[in-house]
Amino acid sequence: MKTIDRRTLLTTLGIAGGATALGVHQGAGGADSQPADASSPTWHYTPLDPQATSDLAYQYYADGGCMYAVVTSVIRQLAELHGEPFRSFPCEMMRYGAGGVGEWGSLCGVVNGAMALAGMFCSEKEKPRREALASEFCQWYESTALPSFSPAEPLLDCPVPKAVSGSVLCHVSVAKWCQESGCEAFSPEKKERCRRLAADGAKKIVEMLNAAHQGTAAPAPTLSPAVASCVACHGKEDMANANGHMSCQTCHDIDESHP
Ligand code: HEC
Ligand code: HEC
């Protein structure tokens, strides 16, 4: 294999007296041949208006579902402000998230879309921030009675009750809402619920990205007390037989006899 010595590399890059200049841009890996912070150079976030974003998400839902609505509401505004690279971003790709990934009822597309944005705007060096955003967003999603968005001009004008999902899974989230509302899982009311939920999620992630943009240090990801207690024994520090931070008791009934 051909090896490139440091001097040749610096000359190739056109950096005069390059040691410090390159050092500044070195990625976490620290290898000289590593491109500088490759994951982040052009996708810069600019704070957006949360309410306007939720209105846009509500509209975009019709063209690609929940995940598409959340991502597109943000990307299109940034394309208006900056043009490229946002203008060329393939929002269409995000249609895969509808119905918890192609109707599989797995991860809710609202969560999937919000976290796609977190991934876009937090470089690999900012992984702790990305995980903190996931922690805050997912706990909000699991524990908040939703939807709360109220459209000025509803596409379906019907009562839309709120429900606490208890889970980031589309299947569980929809089931809890159906129990609360008495509506069926494939009804027009359920679609209106998901449309409003996409608007709520778009607003939430923009509020969070706006706050992160202030440049404050990333907070350590926190777990709800219930999950933290399970993870204390089952997580990687102890028994290491369960990964993840989803609300455990949505699926596991733990009784008195449990250790
Ligand atoms: C004090 C430590 C401790 C805590 C806290 C704890 N567990 Fe456990 N858990 C255990 C041990 C030890 C076993 C294995 C016991 C056995 O095989 O009877 C176990 C077994 C399990 C199992 C598999 C066997 C079964 O009983 O179904 C599940 C699922 C589980 N725990 C979930 C949870 C959840 C969810 C929580 C939080 C609500 C939790 N655990 C909190 C120690 C703990
Ligand atoms: C979406 C549902 C779901 C959620 C949420 C969930 N689990 Fe599980 N968990 C399962 C299923 C399904 C299994 C496999 C059960 C089996 O095969 O017996 C399992 C297995 C386990 C086991 C047994 C592992 C073993 O070696 O036998 C433990 C312990 C466990 N889960 C703990 C947790 C903890 C702690 C959380 C929260 C951080 C959690 N689970 C969240 C569904 C879930």
Can you check whether [X] reaches [Y] side chain to side chain, under 4.5 Å on heavy atoms?
{"X": "K191", "Y": "L156", "result": "no"}
{"X": "L133", "Y": "L209", "result": "yes"}
{"X": "R95", "Y": "D63", "result": "yes"}
{"X": "Y68", "Y": "C91", "result": "yes"}
{"X": "K127", "Y": "E131", "result": "yes"}
{"X": "F137", "Y": "V110", "result": "yes"}

Would you confirm whether [X], through its side chain, and [Y], through its main-chain N or O, come within 3.5 Å as a donor-acceptor pair?
{"X": "S54", "Y": "Q51", "answer": "yes"}
{"X": "Q59", "Y": "L56", "answer": "no"}
{"X": "W177", "Y": "A185", "answer": "no"}

For [X] and [Y], which heavy atoms make the closest approach, and how far apart are they?
{"X": "V172", "Y": "S165", "value": "CG1-O, 3.7 Å"}
{"X": "C158", "Y": "E189", "value": "SG-CG, 3.9 Å"}
{"X": "D49", "Y": "V206", "value": "C-CG1, 4.3 Å"}
{"X": "G113", "Y": "V70", "value": "C-CG1, 3.9 Å"}
{"X": "Y60", "Y": "A69", "value": "CB-CA, 4.0 Å"}
{"X": "A79", "Y": "R87", "value": "O-NH2, 3.5 Å"}

- [ ] Decide whether S135 and Q139 meet the rule of one side-chain donor and one side-chain acceptor closer than 3.5 Å.
- [x]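 There is such a pair (donor and acceptor under 3.5 Å, judged by atom type) between the side chains of S135 and Q139.
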
Task: Pair R193, S173: side-chain N/O donor-acceptor within cut-off below 3.5 Å - done: yes

Common cluster, [X]/[Y], ILVMFWY with side-chain heavy-atom separation under 4.5 Å:
{"X": "Y96", "Y": "I75", "result": "yes"}
{"X": "F89", "Y": "M115", "result": "yes"}
{"X": "M93", "Y": "V111", "result": "yes"}
{"X": "L117", "Y": "M94", "result": "yes"}
{"X": "F186", "Y": "V174", "result": "no"}

Let me confirm one number: the [atom1]-[atom2] distance from [X] to [Y], rounded to the nearest 0.5 Å.
{"X": "M239", "Y": "C233", "atom1": "CE", "atom2": "SG", "answer": "7.0 Å"}
{"X": "C138", "Y": "H245", "atom1": "SG", "atom2": "NE2", "answer": "10.5 Å"}
{"X": "L169", "Y": "Y141", "atom1": "CG", "atom2": "OH", "answer": "8.5 Å"}
{"X": "E184", "Y": "C178", "atom1": "CD", "atom2": "SG", "answer": "8.0 Å"}
{"X": "Q249", "Y": "C230", "atom1": "CD", "atom2": "SG", "answer": "5.5 Å"}
{"X": "N243", "Y": "K236", "atom1": "CG", "atom2": "NZ", "answer": "10.0 Å"}

Could you check whether atom [atom1] of [X] has more than 12 heavy atoms from other residues, nucleotides or ligands sitting under 6.0 Å from it?
{"X": "H171", "atom1": "NE2", "result": "no"}
{"X": "D255", "atom1": "CG", "result": "yes"}
{"X": "E80", "atom1": "CD", "result": "no"}

TODO: Kindly confirm or rule out a cation-pi arrangement of R196 over F149, judged by NZ or CZ under 6.0 Å from the six-membered ring centre and within 45° of its axis?
DONE: no

TODO: Please lay out, stage by stage, how L78 and L48 fare under the test side-chain contact (heavy atoms from CB on, under 4.5 Å).
DONE: CA-CA 8 Å; L78 294 172; L48 299 171; 4.1 Å; yes

TODO: Could you tell me which residues satisfy side-chain contact (heavy atoms from CB on, under 4.5 Å) with L155, sequence neighbours excluded, listed by chain and number?
DONE: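 If we apply the side-chain contact (heavy atoms from CB on, under 4.5 Å) test to L155, skipping adjacent residues, the hits are Y58, E192, R195.
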
Open item on the list: Under the rule for side-chain contact (heavy atoms from CB on, under 4.5 Å), what residues qualify as partners of L146, not counting sequence neighbours?
Closed with: W140, T144, S148, L197, D200

Open item on the list: So, applying side chain to side chain donor-acceptor pair (under 3.5 Å) with T53, which one of E207, K203, Q77, R76 is it?
Closed with: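 With T53 as partner, side chain to side chain donor-acceptor pair (under 3.5 Å) holds for just one option, Q77.
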
Task: Residue pair H213, F121: steps toward the side-chain contact (heavy atoms from CB on, under 4.5 Å) verdict - done: CA-CA 10 Å; H213 191 76; F121 299 120; over 6 Å; no

- [ ] Tell me, with the steps shown, if V168 and E142 meet side-chain contact (heavy atoms from CB on, under 4.5 Å).
- [x] CA-CA 6 Å; V168 292; E142 284 181 338; 4.2 Å; yes

- [ ] Look at the aromatic rings of W43 and F86 and report parallel, tilted or perpendicular, splitting at 30° and 60°.
- [x]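 Judged by the thresholds at 30° and 60°, the geometry between W43 and F86 is perpendicular.
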
Name the atoms and distances for all side-chain donor-acceptor pairs under 3.5 Å in residues 101-108, with sequence neighbours left out.
residue, atom, partner, partner atom, Å
S106, OG, G100, O, 2.8

Task: Intermediate values then yes/no, side-chain contact (heavy atoms from CB on, under 4.5 Å), N112 and V71 - done: CA-CA 9 Å; N112 213 348; V71 173; over 6 Å; no

